[in-house]
Asks: 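Sharing a structure, written as structure tokens. Questions coming.
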Amino acid sequence: MRTSQMFIPTLREDPGEAEIISHRLMLRAGMIRKLAAGMYTYLPLGLRVLRKIENIIREELNKAGAQELLMPILAPAELWKETDRWNQYGKELFRCQDRHERDFCLGPTHEEVITDLFRREVRSYRQLPVILYQIQTKFRDEIRPRFGLMRGREFIMKDAYSFDKNEADALVSYQKMYDAYDRIFKKTGLQFRAVEADTGLIGGTSSHEFMVLANTGEELIVYDPEESYAANVERAEVSPPKELSKEPLKPLEKVKTPGAKTVEQVCALLHTSPHSLVKTLLYKTEGQEVIAVLIRGDHQANEIKIKRSLGLHELTLAEPDMVQALTAAPVGFSGPIGLQKVKILADHAVHALHNFIVGGNEADTHFINVNCERDFQIDLVADLRQAQEGDASPMSGGPLQTARGIEVGHVFMLGEKYSKKMEATYLDSNGQEHWAVMGCYGIGVGRAAAAAIEQNHDEKGIMWPIPIAPFHVHLLPVTPSVEVGTVVESLYTELDKLGIEVLLDDRDERAGVKFNDADLIGAPFQVVVGDKGLAKNTIDIKARRTGEVVKLPPSEVTKWIIDKLADRKE
RNA sequence: CGGGGCGUAGCGCAGACCGGUAGCGCACCGCGUUCGGGACGCGGGGGUCGGAGGUUCAAAUCCUCUCGCCCCGACCA
């Protein structure tokens with residue numbers, strides 16, 4: 001392609017609206033433009049990247065036996081009412097009506113539609129397994145869209161669905177998709193990690209997220225540097241401490257702690273560390289019941305685990321006046337001793353502790369030398385806290401490390417959740433009817449592109465990994481002479497014939513402008529042709545990522561590039 | 001939904017307190033010079049100042065309402 005014929009509106013200055021690097025660079029490089037909050041037009045350059053990612057996905061999914069189809073964006077409310085997600089999905093589900101005032105929604109995901117298709121068309125176990133996927137625009141009316149393509153309202157997603165006879169077969173499909181995802185992300189050239197993820201209350205047996213590693217990632221993961229184990233902190237299980245404290249129990253004591261509401265303040269006042277302090281978190285559940293959760297001062301509560309341990313759907317921290325009513329003390333002085341009518345949950349680490357500190361349920365007061373059982377009763381001891389760096393790995397027992405990631409893929413065992421609600425059944429070889437066992441598998445295409453930029457950029461612009469780069473080579477005639485023109489034209493034709501994607505900057509611009517745009521757009525190789533070089537019979541090739549420049553005679557340029565591209569393609 | 005902020009040329013911004021001819025840089029168009037890391041000279045085009053209403057002789061500027069956008073929080077398969 002020639003720059004003069006391609007719509008690539010690059011921006012010299014940073015647009016004010018862009019917060020994160022990928023968003024800024026995508027706008028600046030002329031890949032996307034915003035239409036409305038969380039909705040973007042994909043310009044030619046941006047679309048090329050999306051197509052590259054999509055094609056890698058297609059290739060690997062097809063190889064894995066999945067089949068592509070395409071479902072409507074708009075879905076009738078009836079289907080969503082069958083699964084009750086019309087109610088459950090909340091405001092994120094974008095609803096609308098047609099001229100007959102029939103309810104529809106924009107699909108944020110397509111379980112209902114695909115399950116409907118399945119139940120209409122599939123009768124027999126002979127037709128199973130089936131794995132179907134689409135690459136389609138999705139819509140979720142996010143409360144607060146942000147970060148460009150990272151969290152838009154409208155976005156392109158690959159979603160796949162598997163249908164199997166039973167749990168065992170479903171796991172085979174799940175594994176197939178997991179393996180395909182592994183190959184897909186390897187092929188994109190991104191650094192990523194598959195991590196165990198939370199399955200939510202829906203249960204299900206397995207769920208993994210595919211995280212592109214980037215410091216700017218929204219998700220926190222823990223991993224075992226020795227083993228393959230990695231998990232989202234939301235999900236990572238924390239094993240109970242191996243031994244309980246052996247410290248002899250000391251007598252309970254009430255102390256004054258004026259104004260000390262936070263863990264830090266109490267520690268400073270009592271000259272101790274958060275390790276020996278226990279915070280009491282009061283939560284409200286869906287039944288308006290209140291529970292107390294005891295977590296060690298240096299740990300974070302994990303609300304997902306708390307919900308799961310009690311089978312709850314909703315959990316919110318109690319408001320200050322509620323805390324006051326229950327504990328007779330302001331927030332910051334709650335404790336388990338003397339708490340009435342409140343179920344008390346404790347994390348393993350608390351249970352293992354002796355002589356710790358808790359709030360006194362009285363303003364400006366704490367108890368010290370507190371001990372479980374002796375001073376108060378616990379209703380449930382469980383794993384209730386967030387994993388953190390240094391915790392013991394469930395695999396090697398060694399210390400876990402943490403990293404930040406961007407969730408670009410998610411594989412999920414659904415089980416019979418949808419097939420049951422929607423009566424998606426098949427007949428087995430004995431003529432018995434069974435519910436199909438399902439799995440679903442998503443990849444955020446736009447998000448993957450954004451994640452690629454978060455992971456591969458410098459202060460000048462994007463540094464695309466070869467497999468998803470919009471162009472392989474950016475050809476830059478850098479002086480306006482006839483000789484340069486001739487060399488550039490023949491190089492362009494030659495590379496193009498060989499299937500190498502070349503962007504020729506044929507604009508009447510100065511060298512500096514072309515260099516800067518090339519660095520911004522981020523093609524892996526810049527081929528620089530100028531009078532200075534030609535005088536010595538050389539052309540410069542700059543590798544965008546390393547900045548290395550090689551000087552080659554014009555006749556050797558093509559071969560050099562072919563070799564380099566072949567090197568890094570797989 | 002709560003808190004904060006912003007809407008003035010395609011982009012980035014000034015002007016607003018203190019009402020009186022709408023500005024700057026970049027981009028864009030023409031001519032010329034220049035040409036290996038965001039050139040220069042000369043000449044030019046482009047604005048219902050987000051929208052509606054009000055106050056006033058006069059509103060980008062003051063008041064009211066409204067819409068949109070950004071940031072923080074709550075929320076998030």
Side-chain angles (χ1 to χ4, degrees), chain A residues 9-20 23-24 27-28 30 33-39 83 85 88-93 107-112 138-148 150-153 155 157 159 161 197-204 207-209 218-219 232 234-235 303-304 314-317 319 407 409-414 417-418 439-444 447 459-461 476-481 484-485 505 507-520 526-536 538-540 542 547 549 551:
Chain A
T10 56
L11 262 29
R12 185 178 290 208
E13 289 170 89
D14 273 338
E17 69 187 47
E19 175 79 348
I20 59 167
H23 188 194
R24 221 161 49 213
L27 288 167
R28 281 235 285 144
R33 284 294 182 266
K34 186 173 70 182
L35 177 65
M39 297 160 64
T83 59
R85 283 165 105 194
Q88 287 172 12
Y89 219 93
K91 289 194 172 162
E92 214 157 285
L93 187 65
T109 170
H110 278 68
E111 282 83 6
E112 281 79 1
K138 300 289 161 68
F139 199 97
R140 287 178 199 177
D141 202 356
E142 291 275 350
I143 297 170
R144 188 151 90 80
R146 56 185 132 175
F147 305 148
M150 203 66 95
R151 184 178 284 263
R153 292 197 291 172
F155 56 98
M157 182 169 162
D159 50 324
Y161 306 88
D198 185 61
T199 49
L201 262 184
I202 303 151
S207 175
H208 289 85
E209 290 165 340
E218 284 189 277
E219 305 284 338
N232 194 315
E234 288 178 353
R235 150 80 191 199
E303 295 184 6
I304 293 172
E314 270 177 47
L315 193 70
T316 42
L317 273 173
E319 292 94 29
E407 182 194 345
H410 200 157
V411 293
F412 209 100
M413 270 298 291
L414 289 174
K417 182 182 179 209
Y418 293 91
C440 72
Y441 317 90
I443 293 179
R447 187 182 273 191
E459 62 291 343
K460 305 226 72 172
L476 308 171
V478 96
T479 42
S481 71
V484 167
D505 193 342
R507 295 175 301 173
D508 180 20
E509 286 288 355
R510 322 201 97 222
V513 175
K514 295 187 179 183
F515 283 132
N516 281 305
D517 273 353
D519 287 345
L520 180 61
Q526 294 170 15
V527 174
V528 182
V529 186
D531 287 325
K532 227 158 76 181
L534 287 187
K536 288 180 267 180
T538 61
I539 284 173
D540 293 358
K542 186 177 107 174
V549 177
K551 292 177 186 297

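Both backbone and side-chain heavy atoms feed into the values below; hydrogens, waters and symmetry mates do not. Residue numbers start from 1 in every chain, and the chains themselves are labelled A, B, ... in the order their sequence lines are given, proteins ahead of strands.
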Asks: Under the salt bridge (Lys or Arg N to Asp or Glu O under 4.0 Å) test, which residues partner A:K551, sequence neighbours left out?
Replies: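 With sequence neighbours excluded, A:K551 shows a salt bridge (Lys or Arg N to Asp or Glu O under 4.0 Å) to A:D540, given in chain and number order.
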Asks: Tell me which nucleotide, if any, is Watson-Crick or G-U wobble paired with B:C17 when both distances must be under 3.5 Å.
Replies: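 Pairing partner, where one exists within any strand: none, as none qualifies.
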Asks: Using a 4.0 Å cut-off on protein heavy atoms (strictly under), produce a 5'-to-3' string for nucleotides 1-12 of chain B with B for base contact, S for backbone-only sugar-phosphate contact, and - for none.
Replies: ----------BS
Asks: Please measure how far the C1' atom in B:U21 lies from the corresponding atom in B:C28, and state the result in whole Å.
Replies: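 One C1' to the other, the span is 25 Å.
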Asks: Can you give one letter per nucleotide of nucleotides 29-37 of chain B, going 5' to 3': B for a protein heavy atom under 4.0 Å from the base, S for sugar-phosphate only, - for none?
Replies: -----BBBB
Asks: What distance, rounded to whole Å, do you find between the two P atoms, one in B:G45 and one in B:A52?
Replies: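 After rounding to an integer number of Å, I get 27 Å for this pair.
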Asks: Residues in side chain to side chain donor-acceptor pair (under 3.5 Å) with A:Q526, at least two apart?
Replies: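 Partners of A:Q526 by the side chain to side chain donor-acceptor pair (under 3.5 Å) criterion, ordered by chain and then number, come out as A:D519.
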Asks: Apply salt bridge (Lys or Arg N to Asp or Glu O under 4.0 Å) to A:R510 and list each qualifying residue two or more places apart in sequence or on a separate chain.
Replies: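 Result, salt bridge (Lys or Arg N to Asp or Glu O under 4.0 Å) vs A:R510: none returned.
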Asks: Mind checking side chain to side chain donor-acceptor pair (under 3.5 Å) for A:D159 and listing every partner two or more places apart, or none if nothing turns up?
Replies: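 Applying side chain to side chain donor-acceptor pair (under 3.5 Å) to A:D159 gives A:Q134, A:K138, A:Y161.
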Asks: So, using salt bridge (Lys or Arg N to Asp or Glu O under 4.0 Å) as the criterion, who are the partners of A:E209 when residues are at least two apart?
Replies: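 For A:E209, no residue satisfies salt bridge (Lys or Arg N to Asp or Glu O under 4.0 Å) once neighbours in sequence are set aside.
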Asks: Sequence neighbours excluded, which residues qualify as side chain to side chain donor-acceptor pair (under 3.5 Å) partners of A:D531?
Replies: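 Partners of A:D531 by the side chain to side chain donor-acceptor pair (under 3.5 Å) criterion, ordered by chain and then number, come out as A:T479, A:S481.
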Asks: Per the atom types in the model, does the base of B:C76 pair as donor or acceptor with the side chain of A:R140 at under 3.5 Å?
Replies: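 In this structure, the two groups form no donor-acceptor pair.
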Asks: Sequence neighbours left out, what passes salt bridge (Lys or Arg N to Asp or Glu O under 4.0 Å) with A:R28? Give chain and number order.
Replies: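 Salt bridge (Lys or Arg N to Asp or Glu O under 4.0 Å) list for A:R28, sorted by chain: A:D14.
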